[in-house]
Protein chains: 2
Amino acid sequence: MSATPDIRPAEQGSKQRLRLWLRLLAVTRKIEAELRERMRTEFDSTLPRFDVMAALSRNEQGLRMSALSGVLRVSNGNVTGIVDRLAEDGLVMRVPVAGDRRATLVRLTAKGAEVFARQAADHEGWIDAMLAELSADEARSYAARLRTLAQRLDDKGASE
Amino acid sequence: MSATPDIRPAEQGSKQRLRLWLRLLAVTRKIEAELRERMRTEFDSTLPRFDVMAALSRNEQGLRMSALSGVLRVSNGNVTGIVDRLAEDGLVMRVPVAGDRRATLVRLTAKGAEVFARQAADHEGWIDAMLAELSADEARSYAARLRTLAQRLDDKGASE
DNA sequence: CATAAATGTTTTAAGTATGAAATAAATTCT
DNA sequence: AGAATTTATTTCATACTTAAAACATTTATG
């Protein structure tokens with residue numbers, strides 16, 4: 001029966017986690033805003049376009065629309081418009097899938113691959129500069145911690 | 001002149017930081033998606049609406065549109081539509097500023113404050129559950145690290 | 001084989017995002 | 001005071017976002 005008030009550990013933890021989330025959100029948004037701005041001014045492009053091209057770059061044989069939206073974790077309908085615009089610019093192409101006339105495969109064109117390579121190099125450099133404060137070891141350890149956290153979130157999501 | 005190949009520490013660090021960024025983005029998006037989904041199903045609302053109400057809740061006397069967009073770090077024009085819809089629902093009101101007919105103050109209505117209180121309590125609970133894996137101390141230390149990182153990013157942005 | 005169910009994609013409706021242009025009002029300058 | 005500039009907000013054009021509906025095609029089932 002001390003005179004100090006109860007700290008109520010559960011509630012305390014909740015506040016700490018809320019604070020962490022708000023900071024996480026703030027940092028992520030700030031970095032994203034910077035990347036978007038640079039994509040816009042230096043490549044006249046956007047992050048979603050870059051994300052799509054990155055996914056296609058890792059799958060040279062192409063990806064179906066559904067696979068693409070799965071990889072990027074955005075809704076199916078969303079990818080349609082982005083691919084439309086990339087196709088208009090000649091950066092990707094739609095290829096029919098033999099034996100399934102519902103599906104289409106999306107692939108980078110030669111021009112698309114070339115453009116993406118340049119963008120990816122700069123993109124990595126921008127991030128490196130923004131996170132320069134973190135040592136390689138520190139970056140590695142945080143990435144590992146986030147990995148287990150993401151895993152846990154995935155498990156939870158799957159069980160619901 | 002050893003036979004082991006150069007590791008090129010700078011490039012290594014760059015890859016680690018890129019990986020960290022991608023994980024950060026993945027975790028943030030996953031949590032955001034979960035919060036959005038819950039806001040939608042349980043309160044028929046959205047995160048941007050919640051963010052605006054949270055900012056107004058911290059400033060009972062009200063905020064100008066420009067202050068609001070500054071706090072939320074979204075563009076000015078964007079906030080107009082969100083406040084419009086909140087006003088339609090009777091959750092916020094626009095109050096003229098005495099002595100400056102250009103400006104308007106936005107404030108939570110009584111109903112808005114009441115609705116927000118309920119949403120905020122649940123919101124904190126959702127985050128607490130998603131980050132339950134982290135101890136209060138761990139959350140605190142990560143939050144502190146992110147704070148210095150955010151500070152550094154702000155400094156950089158200001159100098160450009 | 002014909003219909004029902006499932007799958008792959010696009011379209012639609014509503015909301016959110018940006019940057020830039022437009023509008024309106026206040027302040028500063030001459 | 002009158003003109004030029006700055007400040008506060010809205011409007012506009014375009015892109016991205018989701019969820020849900022619509023459409024087309026394939027696979028499964030009776």
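Quick note on labels: first sequence line is chain A, next is B, and so on, each numbered from 1. Every value quoted in this text rests on a predicted model; they were computed, and no experiment measured them.
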When the side chains of residues 24-31 of chain A are checked against the rest of the protein, which donor-acceptor pairs come out under 3.5 Å, sequence neighbours left out?
from  : atom 1 : to     : atom 2 : distance (Å)
A:T28 : OG1    : A:L24  : O      : 2.7
A:T28 : OG1    : B:T28  : OG1    : 3.1
A:R29 : NH2    : B:E32  : OE2    : 3.2
A:K30 : NZ     : B:D154 : OD1    : 2.5

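The one candidate from B:R17, B:R152, B:Q16 that meets the side-chain contact (heavy atoms from CB on, under 4.5 Å) condition with A:L131 is B:R17. Of the options A:I82, A:V74, A:L47, a side-chain contact (heavy atoms from CB on, under 4.5 Å) to A:V52 is made by A:I82 and by none of the others.
Heavy-atom distances under 4.0 Å link DNA chain D to A:S75, A:N78, A:I82, A:R85 of residues 75-95 of chain A, given in residue order. Taken residue by residue, residues 59-67 of chain B places heavy atoms nearer than 4.0 Å to DNA chain D at B:R64, B:M65, B:S66. In the region residues 112-120 of chain A, proximity to DNA chain C at under 4.0 angstrom, judged on heavy atoms, holds for none of the residues.
Atom CD in B:E37 sits roughly 17 Å away from atom P in D:dT17 (whole-Å rounding). Per the geometry, CZ belonging to A:R29 stands 18 Å off P belonging to D:dC16, to the nearest Å. One interatomic measurement links the two molecules: CG of A:L68 to P of C:dT7, which rounds to 20 Å at whole-angstrom precision. A straight line from CZ of A:R40 to C1' of C:dT18 spans 8 Å, rounded to a whole angstrom. A straight line from CG of A:L47 to P of C:dT16 spans 21 Å, rounded to a whole angstrom. Here D:dT14 presents its C1' atom at 12 Å from CG of A:D44, a figure rounded to the nearest Å. One can place CE of B:M39 at 13 Å from P of C:dT16, the figure rounded to the nearest angstrom. B:L72 places its CG atom 10 Å from the P atom of C:dT18, with the value rounded to the nearest Å.
Residues B:E34 and A:L153 have side chains not in contact (no heavy-atom distance under 4.5 Å, counting atoms from C-beta outward).
Every side-chain contact (heavy atoms from CB on, under 4.5 Å) that B:A54 has, sequence neighbours left out, goes to B:R58, B:F116. For the side-chain contact (heavy atoms from CB on, under 4.5 Å) test, no residue two or more places apart in sequence or in another chain qualifies with A:R101. The salt bridge (Lys or Arg N to Asp or Glu O under 4.0 Å) search around A:D84 returns A:R94, not counting sequence neighbours. In this view, A:R85 satisfies the salt bridge (Lys or Arg N to Asp or Glu O under 4.0 Å) rule with no residue, not counting sequence neighbours. Under the side-chain contact (heavy atoms from CB on, under 4.5 Å) criterion, A:T148 pairs with A:R145, B:E133, sequence neighbours left out. Applying the side-chain contact (heavy atoms from CB on, under 4.5 Å) rule to A:R64 yields the partners A:S66, A:A67, A:V97, A:D100, A:A103, A:L105; only residues at least two apart in sequence or on another chain are considered.
Counting only residues at least two apart or on different chains, the salt bridge (charged side-chain N to carboxylate O under 4.0 Å, His left out) pairs with a member in residues 112-121 of chain B are B:E114-B:R118.
Considering only the side chain of B:V74, C:dT18 comes nearest among D:dT18, C:dT18, C:dT16.
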Margin query: For nucleotides 23-29 of chain D, give me one character per nucleotide, 5' to 3': B if any protein heavy atom sits under 4.0 Å from the base, S if the only such contacts are to the sugar-phosphate, - if neither.
Written below: --BS---
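Here CG of A:L91 is found 5.5 Å from NZ of A:K111. Values are rounded to the nearest 0.5 Å. Rounding to the nearest 0.5 Å places CE of A:M65 at 4.0 Å from OG1 of A:T80.
More than 12 heavy atoms of other residues, nucleotides or ligands lie within 6.0 Å of CZ in B:R140, so this atom counts as buried by the packing criterion.
B:E32 comes within 4.0 angstrom of nothing in the nucleic acid, heavy atoms only.
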